[in-house]
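Read the structure below first, then the notes.
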Amino acid sequence: MYVVMASACYPKAQEKVQEQLDIVAGRDRAPTFDDYNSLPQIEAFMLEWLRWRPVITPGFAHCTSIHIVYKCMCIPEGAIVFGNHWYRMICIPVKTMCWSPFNRAVSRDPSVYPNPDQFDPER
């Protein structure tokens with residue numbers, strides 16, 4: 001759904017993707033995996049779309065298989081950990097969350113992505 005939103009909200013980026021598709025595959029066939037290396041605009045568009053509006057913002061849950069010490073915190077075996085795309089968040093053990101809304105995840109960090117809320121496949 002967000003890829004359609006990105007295409008609608010940023011028509012110049014979508015035009016670049018369409019232009020590249022027309023050059024590589026034309027209007028007579030769908031692109032194939034053999035065309036992948038010839039379509040860098042599509043890859044850039046898709047990677048930026050996933051950074052800009054991730055499929056699920058908390059990321060996918062992971063379960064620790066051993067006790068882990070991370071930044072002076074003990075994450076016990078069996079804890080569920082989310083690598084949140086919007087803010088860094090760690091769940092320790094299962095129902096307790098440590099969350100700082102000012103501790104931005106990499107995809108929202110302005111020092112890594114200037115203007116992180118802006119959709120820009122040219123990054």
Residue pairs, two or more places apart or on separate chains, that pass side-chain hydrogen bond (donor to acceptor under 3.5 Å, both in side chains) and touch residues 4-14: none
By side-chain contact (heavy atoms from CB on, under 4.5 Å) - contacts of Ala6 (at least two apart): Phe45, Trp52, Phe119
Considering all heavy atoms, the nearest Pro11-Ala8 contact: CD-O, 3.8 Å
Salt bridge (charged side-chain N to carboxylate O under 4.0 Å, His left out) pairs, two or more places apart, involving residues 73-83: none
Donor-acceptor contact present, side-chain Thr64 to main-chain Ala79, <3.5 Å: yes
Side-chain touch Pro31/Leu21, heavy atoms, less than 4.5 angstrom: yes
Ser65: side chain to side chain donor-acceptor pair (under 3.5 Å) partners, not counting sequence neighbours: none
Closest non-hydrogen atom pair, Pro121 against Ala44: O-CB, 3.4 Å
Asp22 vs Arg27, side-chain contact (heavy atoms from CB on, under 4.5 Å): CA-CA, chis, key distance, verdict: CA-CA 6 Å; Asp22 289 344; Arg27 298 272 176 154; 3.0 Å; yes
side-chain contact (heavy atoms from CB on, under 4.5 Å) partners for Glu19, two or more places apart: Ile23
Partners meeting side chain to side chain donor-acceptor pair (under 3.5 Å) with Tyr36 (sequence neighbours left out): Glu43
Residue list, side chain to side chain donor-acceptor pair (under 3.5 Å) with Asn115, at least two apart or on another chain: none
Minimum heavy-atom distance between Ala25 and Ala30, given as atom pair plus value: CB-C, 4.5 Å
Arg108 side chain near Asp117 side chain, heavy-atom distance below 4.5 Å: yes
Residue among Glu15, Gln18, Glu122 satisfying side chain to side chain contact (heavy atoms under 4.5 Å, CB included) with Gln41: Glu122
Same apolar cluster (I L V M F W Y, side chains within < 4.5 Å links), Met5/Met46: yes
Tyr2 reachable from Leu47 in the ILVMFWY side-chain graph, under 4.5 Å edges: no
Residue list, side-chain contact (heavy atoms from CB on, under 4.5 Å) with Thr32, at least two apart or on another chain: Arg29, Asp34, Asp35
Path from Val69 to Ile66 over hydrophobic side-chain contacts below 4.5 Å: no
Test side chain to side chain donor-acceptor pair (under 3.5 Å) applied to Glu48 - qualifying residues, sequence neighbours left out: Arg51, Arg123
Partner residues of Pro40 under the side-chain contact (heavy atoms from CB on, under 4.5 Å) criterion, sequence neighbours left out: Gln20
Minimum heavy-atom distance Ala61-Ile80, with the two atoms named: CB-CG2, 3.8 Å
